[in-house]
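Worksheet: the structure to be examined is printed underneath.
Below, read A as the first sequence line, B as the second, and so on, with proteins coming before strands; counting in each chain starts at 1.
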Amino acid sequence: MKTGVIVFPGSNCDRDAAMVTRDLLGLPTRMVWHEESDLSGLDLVIVPGGFSYGDYLRCGAIARFSPAMQAVVQHAERGGLVLGICNGFQVLTEAGLLPGALVRNRDLHFICDRVSLRVERVDLPWTQRYAPQQVITLPIAHGEGCYYADADTLAALEDHQQILFRYCAADGSLTEASNPNGSLGHIAGICNRRGNVLGMMPHPERAADPALGNTDGLKLFEGVLAALSVGV
Amino acid sequence: MSQTYQAKVYVTLRPSVLDPAGTAVQSGLQHLGYDNVGPVRIGKYVELTLTAADESDARTQLDRMCDQLLANPVIENYRFELTPNP
């Protein structure tokens, strides 16, 4: 399985992602500069966290038009796997690969914390290594992570089981206090209808190395690896 | 012949989208004693110049710019003013 990590000016979690795929999982990993448009041979493309093009205008608004992102859209249309983390999630919504938008956190604070998440669906490569309704802990670090979509879009997300992760309390319940940014439906991560594109505000790549004391995020990457090893 | 225009673009959050920054400013104004201030909404203001064949062409182009990049139609509305540069 070959991995590509898109690198925009302003990306700052690109090497963290590569550290997981290349160093922890031993996968061939290619850093893809934003001006490149060749993603041939890649199975998994990661759009990493950071501040693409300075996040000027809106988070992810300018990144959407980069040659690399045009190629990511084509990769996704071919059925290739795409993982957008944090700013990457914002870029995927701007690019129209995922519905909705990420807006300013409810309390206006930039939040850097560890949060509990409930895994809502485990029949996709992304989550197959988790147990149904498992509560995991992942770091978040964002100022604009409040998920917004209109009522029809939210209903469609629920109907098609596109919500993969929700912010929750330690016991898995969805309480107001356990929603760090005001996201509608406690949404922390969603996939497209086909399931090959995942966007999430929490950082699985920052919870993969045992040296950091939390490996809840590693299972996401292991799930993808397992799925691709047997052929998707 | 083409003409240069000055455009003023106003981007605002759609009414259904929560605006925590606007709410914070409203409460700041109320702390200053302006109890008469109602809901505050914060938006973006973009100025640009463009050249186009005529005003109709300029409006069409600007509308596309707003829709593609300057605003995110999922969360924002936009309007613009266009004036010919002398």
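When all heavy atoms of Y148(A) and V74(B) are compared, the pair lying nearest together is CE2-O, 3.8 Å. Residues N105(A) and P20(B) approach most closely at O-CG, 3.5 Å, considering heavy atoms. In this structure, L108(A) and A21(B) approach most closely via the heavy-atom pair CD2-N, 3.5 Å.
A 6.0 Å sphere centred on CZ of R194(A) holds more than 12 heavy atoms belonging to other residues, nucleotides or ligands. The number of heavy atoms from other shown groups lying within 6.0 Å of CZ (R14(B)) is above 12. In the displayed structure, Y34(B) atom OH is contacted under 6.0 Å by at most 12 heavy atoms of other residues, nucleotides or ligands.
Here CG of N72(B) is found 4.5 Å from CD of E94(A). Values are rounded to the nearest 0.5 Å.
Residues of residues 55-70 of chain A placed with any heavy atom under 4.5 Å of a heavy atom in chain B are listed by number as L57(A), R58(A), A61(A), I62(A), R64(A), F65(A).
In terms of heavy-atom pairs under 4.5 Å with chain A, the best-connected choice from V11(B), V46(B), V17(B) is V17(B).
Heavy atoms closer than 4.5 Å to chain A are found in both the backbone and the side chain of Q68(B).
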